[in-house]
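To keep things clear, I will list the structure first and then write my remarks on it.
Just so it is clear: chains get the letters A, B, ... in the order the sequence lines come, proteins before strands, and each one is counted from 1. Excluded from the calculations below are hydrogen atoms, water molecules and symmetry mates; all remaining heavy atoms, backbone and side chain alike, are included. All figures in this text were calculated on a predicted structure; none of them were measured in a lab.
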There are 2 protein chains.
Amino acid sequence: MAKAQFDKDNILDKTIMLFWQQGYHGTSMQDVTTTTGLKPGSLYNSFGNKEQLFIASLNRYSQRSADKMKRAMVHGAGEGIIMLLTDMVAAKGQKDYASCFIIKTQLELASTEPKLAQLAASYLSRTKAQYKLAIASEYGEALSEVYATSVMMAIFGIRVYGYQQAKEADMLESLRLSLHWLPWKKH
Amino acid sequence: MAKAQFDKDNILDKTIMLFWQQGYHGTSMQDVTTTTGLKPGSLYNSFGNKEQLFIASLNRYSQRSADKMKRAMVHGAGEGIIMLLTDMVAAKGQKDYASCFIIKTQLELASTEPKLAQLAASYLSRTKAQYKLAIASEYGEALSEVYATSVMMAIFGIRVYGYQQAKEADMLESLRLSLHWLPWKKH
DNA sequence: TATCTTTTTGAGTGTTTGTTCAAAATTGCT
DNA sequence: AGCAATTTTGAACAAACACTCAAAAAGATA
């Protein structure tokens, strides 16, 4: 029996970039074949169809996203959150800034592809639950719900505001003001 | 010479709903003809093409959005902002909640239709400038930039978080915490 | 009512879409 | 080496896409 001549994860990394930047409806399977170099037959043979390929891409992206969060949280909830938010603000400077794949999916597909939008929603919901857990251990159970909600809304704010021509310093100052309970370094 | 047998603004109100909910790439011109009842020829005769129809829709939407903001601001910057934010949180309860048309456009089209994305970006930028102006008159010039940034990020947060199954009370509590400088009513 | 301009009609344009398939090539197993 | 299972190939499919156009209809003006 013949083995696949390509690495699935390597292909997924490329489709992630496509779907992330252009969206689900904005990306054609021809885009995928030309970017990956795979012929249609190979593509469909190993990934099923467009929807399944999108799911696999979103899944891999969110896995990496969750890993990054976990790595940051070893510094404690407060410090970890500050690191993550600072990273997100810095990301806006990249030339091909594309917000967050999960958030974009949630917004684009809520009405036309509810199944995929719900998947994105569940990833976001899980992320919030993890923030809440980490916050609870450091700031107490009582405040954790509101604090976690604040963090999620701040993240969404950054992810959208990133497209605007705003100074990073202004965004960080605004975050410092909004999430004043975080252990920001004095300046 | 014959007169058009339909009201342009009435048609635009319908295309706004389509583009707003399904996005640019997720909406076909067939969707438009079936929803509006117009035949392709009439549609193209009075609106040009898909891109121009989208621009006209986005323009009308943002005009209404700006009007709503102006109406709220007669109560003063602080009170007005609270009213607008509270409205946005309440909107999330509607069964066909669709975030904000401008924000969705910015995210969806940044890479595939930069011209349209830039239009959305400029609307958002103008909105921020108006918030900044109103805030400056009430809180002073020095704070207005950071405060306006905070308000914009809060709006973006609400617009995305609206898809999540969160309690409105939690969101409002989070806003109250983040934008603590607004004149919230005691509770 | 007759004329002139504009709008509406609805079938039709070529292109792109997601997807399939039989044949050829490739690889693991005996 | 030979067989069997799997993958790759590249042309092809029907459906959906954005858009057009000649002819018919409608309305304003005279």
### Summary
Between CZ of B:F54 and P of D:dC17 the distance, given in whole Å, is 17 Å

## Note on the structure
Here the distance between atom P of C:dT17 and atom NZ of A:K50, to the nearest Å, is 9 Å

### Message
At 4.0 Å (heavy atoms only), tell me whether B:S42 reaches a base, stays on the sugar-phosphate, or touches nothing.
### Response
base

### Query
Contact class for A:F6 (heavy atom, under 4.0 Å): base, sugar-phosphate, or nothing?
sugar-phosphate

### Message
Applying a 4.0 Å non-hydrogen cut-off, can you work out what A:T27 is touching in the nucleic acid: base, sugar-phosphate, or nothing?
### Response
sugar-phosphate

### Query
Hey, does the side chain of A:K39 come within less than 4.0 Å of D:dG10's phosphate (OP1/OP2), counting only N and O?
yes

### Task
Report yes if a side-chain nitrogen or oxygen of B:N49 is closer than 4.0 Å to either non-bridging phosphate oxygen (OP1 or OP2) of D:dA18; otherwise report no.
no

### Minimum-distance pair of heavy atoms, taken over all atoms of B:L53 and B:V32
CD2-CG1, 3.9 Å

### Task
For B:M29 and C:dT15, give me the distance from atom CE to atom C1', rounded to whole Å.
16 Å

### Message
Closest-nucleotide mapping onto DNA chain C: is B:L38 or A:G41 further toward the 5' terminus? I mean the 5' end.
### Response
B:L38

### Task
Measure the distance from CG on A:L18 to P on C:dT17 and round it to the nearest whole Å.
13 Å

#### Entry: Short N-O contact, B:K132 and B:E145, less than 4.0 angstrom
yes

### Query
Does A:Q30 have a side-chain nitrogen or oxygen under 4.0 Å from the phosphate oxygens OP1 or OP2 of C:dT17?
yes

### Query
Is the count of non-hydrogen atoms from other residues, nucleotides or ligands lying under 6.0 Å from A:H75 atom NE2 greater than 12?
no

### 4.5 Å side-chain heavy-atom contact, A:Q164 and B:K128
no

### Message
Distance check needed: D:dT8 P versus A:D7 CG, whole Å only.
### Response
12 Å

### Message
From NE2 of A:H25 over to P of C:dG18, roughly how many Å is that when rounded to an integer?
### Response
11 Å

### Query
Quick one: B:E113 CD to D:dA18 P, roughly how many Å, whole number?
11 Å

### Message
Check this one for me: any side-chain N or O of B:S28 less than 4.0 Å away from OP1 or OP2 of D:dA16?
### Response
no

### Between P of D:dC19 and CG of B:N45, the distance in whole Å
14 Å

### Query
Below 4.0 angstrom, N of the basic side chain to O of the carboxylate: do B:D13 and B:R64 qualify?
yes

